[in-house]
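Written below as structure tokens is the structure these notes are about.
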Amino acid sequence: MVTLSEPVDRSLADNLTNIDSGALIDNSAPALVLPQKSLLLFNETDQERTAATTLLVIDPSSYSQVMTEPLLSEETPADAFTRLNEENVILTEPIANTLDVDVGTIIQLRYVNYTEIVIPVVTPNGTSFLTKIVPVPAWVNFTVIGIVQGAFMETVSVGSFSLADTCYVAYDILNDTFPQYMDNATMFFIKSKANQDLQLIEE
């Protein structure tokens with residue numbers, strides 16, 4: 001795994017794969033840990049449940065080629081990670097338990113939307129109108145298509161973000177709801193070619 005202190009364009013994955021004319025690395029998958037916690041909501045009748053989560057943004061195609069699939073719940077389809085899109089998410093078991101949700105449940109993610117408002121300004125010469133862009137909370141619906149299990153999540157973290165609190169989303173939803181991070185990546189998962197010297201790849 002290659003981690004970066006500053007976001008870069010996720011297309012850097014292609015550069016990594018092509019190092020030494022492609023002789024060292026089989027594939028590379030970009031990912032982004034959103035730098036702030038997000039809020040998930042499950043609303044069933046009058047009982048609302050919320051959970052703070054780390055959003056891990058992945059490219060479903062390359063991620064599935066690079067990473068060994070983690071332990072999934074019985075209800076999770078084996079190809080869940082390749083099916084991530086703008087309508088689906090995968091949750092870790094602690095987040096699913098906090099929300100009390102299963103595969104197939106619809107949940108909501110809160111994000112900040114920006115809208116244009118018109119403010120009347122009264123002056124001695126009459127009323128003028130000022131246009132201003134303001135942040136407003138907004139919600140987007142997702143279907144839970146998978147739940148990741150395993151004790152490893154309790155010990156593995158990326159910076160200050162624990163994998164135990166992760167919600168996996170695709171780059172489609174990042175670009176739609178968090179445009180300030182569009183196509184950014186802060187890490188790349190690397191799959192080396194067989195029988196390669198890992199020290200050489202690191203260098």
Side-chain angles (χ1 to χ4, degrees), residues 1 10 29-113 135-182 184-187 189:
M1 182 173 68
R10 65 175 172 144
L32 172 72
V33 175
L34 233 64
Q36 69 270 357
K37 288 279 189 177
S38 298
L39 184 69
L40 295 175
L41 167 70
F42 173 52
N43 186 2
E44 184 181 44
T45 62
D46 294 331
Q47 294 184 333
E48 289 188 351
R49 299 181 184 89
T50 59
T53 184
T54 299
L55 283 187
L56 179 59
V57 186
I58 64 172
D59 171 63
S61 176
S62 60
Y63 184 87
S64 299
Q65 294 175 31
V66 170
M67 301 297 289
T68 303
E69 297 292 2
L71 181 62
L72 303 173
S73 69
E74 291 182 4
E75 301 81 14
T76 301
D79 62 346
F81 276 91
T82 62
R83 292 170 49 195
L84 270 181
N85 57 33
E86 68 273 10
E87 299 175 349
N88 302 324
V89 295
I90 295 173
L91 304 177
T92 53
E93 190 173 41
I95 292 291
N97 289 342
T98 298
L99 294 173
D100 194 20
V101 298
D102 298 311
V103 173
T105 304
I106 295 176
I107 61 173
Q108 293 179 298
L109 168 72
R110 188 178 71 179
Y111 67 101
V112 176
N113 195 7
V136 293
W139 297 88
V140 61
N141 291 338
F142 290 114
T143 299
V144 178
I145 62 167
I147 296 173
V148 176
Q149 301 173 315
F152 80 94
M153 297 181 300
E154 302 296 334
T155 57
V156 177
S157 62
V158 178
S160 60
F161 296 93
S162 169
L163 288 187
D165 302 323
T166 298
C167 173
Y168 295 83
V169 298
Y171 267 98
D172 291 344
I173 188 62
L174 172 79
N175 293 343
D176 288 343
T177 58
F178 300 95
Q180 66 271 39
Y181 303 112
M182 180 175 287
N184 281 179
T186 50
M187 70 179 74
F189 299 104

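With a 4.5 Å cut-off on side-chain heavy atoms, Glu75 and Ile147 do not count as touching. Val57 places none of its side-chain heavy atoms less than 4.5 Å from the side chain of Tyr181. Taking the side chain as every heavy atom from C-beta outward, Pro30 and Tyr171 approach each other to under 4.5 Å.
By the side-chain hydrogen bond (donor to acceptor under 3.5 Å, both in side chains) test, Thr166 is found to be paired with no residue, residues two or more places apart in sequence or in another chain being considered. Listed by chain and number, the residues in a salt bridge (charged side-chain N to carboxylate O under 4.0 Å, His left out) with Asp176 amount to none (sequence neighbours excluded). Residues that satisfy the side-chain hydrogen bond (donor to acceptor under 3.5 Å, both in side chains) test with Thr76, not counting sequence neighbours, are Ser73.
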Thr54 and Leu34: CA distance, side-chain angles, deciding distance, side chain to side chain contact (heavy atoms under 4.5 Å, CB included) verdict: CA-CA 7 Å; Thr54 299; Leu34 233 64; over 6 Å; no
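The two atoms that bring Leu109 and Ser38 nearest to each other are CD1-CB, 3.6 Å, heavy atoms only. Between Asp102 and Thr105, the shortest heavy-atom contact is O-OG1, 2.9 Å. A pairwise comparison of heavy atoms in Ile58 and Ala31 identifies CG2-CB, 4.3 Å as the closest pair. Looking at every heavy atom in both residues, Ala52 comes nearest to Ile95 through O-CD1, 3.4 Å. Phe42 and Leu99 make their closest contact through CD2-O, 3.3 Å (heavy atoms, listed as atom of the first residue, atom of the second, distance).
Judged by distance alone, the side chains of Thr53 and Lys37 never bring a donor and an acceptor atom under 3.5 Å apart.
Listed by first and then second residue, the salt bridge (charged side-chain N to carboxylate O under 4.0 Å, His left out) pairs involving residues 56-68 are Arg10-Asp59 (not counting sequence neighbours). Judged as a side chain to side chain donor-acceptor pair (under 3.5 Å), the pairs with a partner in residues 139-148 (not counting sequence neighbours) are, in order, Gln108-Asn141.
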Got a list of side-chain donor-acceptor pairs under 3.5 Å for residues 80-87, not counting sequence neighbours?
unit_1 : atom_1 : unit_2 : atom_2 : d
Thr82  : OG1    : Asp79  : O      : 2.7
Asn85  : OD1    : Glu87  : N      : 2.8
Asn85  : OD1    : Asn88  : N      : 3.3
Asn85  : OD1    : Asn88  : ND2    : 3.3

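For the side chain to side chain contact (heavy atoms under 4.5 Å, CB included) with Phe142, the lone residue among Leu40, Ile90, Leu91, Ile173 that qualifies is Ile173.
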